[in-house]
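Step one of this worksheet: look at the structure below.
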Amino acid sequence: QVQLVESGGGLVQAGGSLRLSCAASGSIFSVNAMGWYRQAPGEQREFIARITSAGTTMYADSVKGRFTISRDNAKNTGYLQMNSLKPEDTAVYYCNAAVRTTYINEITYWGQGTQVTVSS
């Protein structure tokens, strides 16, 4: 089995920074694309950022220029550096990863979520 474990959430003042981590472990052949999403209370889960195994990145307009997604392939770990945080960034942040457990079998896994709260 594969697990994604997120860490790094917390409470920060507006303008501050946080760095989220997402570590994949278990029966992993390779980790392909990794992504971050968030869900605020009463809202749908929304896409934040994505990074391929080759390092190509994509961002939602709402975070472009403030958030940076990266990964360490040797550690099967993804990161989300969040700068210039705003109260509207408050949400539960989830990571996902497309994981190959065999050469041909790919499954998307989700982490349990980590709370980010930005105070004004």
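Side chains are part of it too, since the values below use all heavy atoms of this structure and drop only hydrogens, waters and symmetry mates.
Two residues are said to be in side-chain contact when any heavy atoms from C-beta on lie closer than 4.5 Å; Gln81 and Ser70 fail this criterion. A 4.5 Å side-chain heavy-atom check between Leu20 and Trp36 finds at least one atom pair inside the cut-off. Within the 4.5 Å cutoff, the side chain of Glu88 has no heavy atoms near those of the Ser62 side chain. Tyr109 places none of its side-chain heavy atoms less than 4.5 Å from the side chain of Gln3. Within the 4.5 Å cutoff, no side-chain heavy atoms of Phe29 are placed close to those of Thr102.
Both the sub-6.0 Å distance and the 45° axial angle are not jointly satisfied by Arg38 relative to the ring of Tyr94. Cation-pi geometry between Arg19 and Tyr79 is met: the NZ or CZ atom falls under 6.0 Å from the ring centre, inside 45° of the normal.
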key: Residues Asp89, Lys86; criterion salt bridge (charged side-chain N to carboxylate O under 4.0 Å, His left out); working and verdict   = CA-CA 5 Å; Asp89 294 318; Lys86 306 175 182 180; over 6 Å; no

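Between Phe47 and Tyr37, the ring planes lie perpendicular to each other; the angle is over 60°, past the 30° to 60° tilted range.
The disulfide (SG to SG under 2.5 Å) pairs that include a residue from residues 90-120 are Cys22-Cys95, where partners are two or more places apart or lie in different chains. Sequence neighbours left out, not one pair with a member in residues 23-92 passes disulfide (SG to SG under 2.5 Å).
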For a quick test of your reading: what N or O donor-acceptor pairs under 3.5 Å do the side chains of residues 113-120 make, sequence neighbours left out?
from: Thr114; atom 1: OG1; to: Gly9; atom 2: N; distance (Å): 3.3
from: Gln115; atom 1: NE2; to: Ala91; atom 2: O; distance (Å): 3.4
from: Gln115; atom 1: NE2; to: Thr117; atom 2: OG1; distance (Å): 3.3

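In this structure, a donor-acceptor pair under 3.5 Å is absent between the side chains of Asn96 and Thr108.
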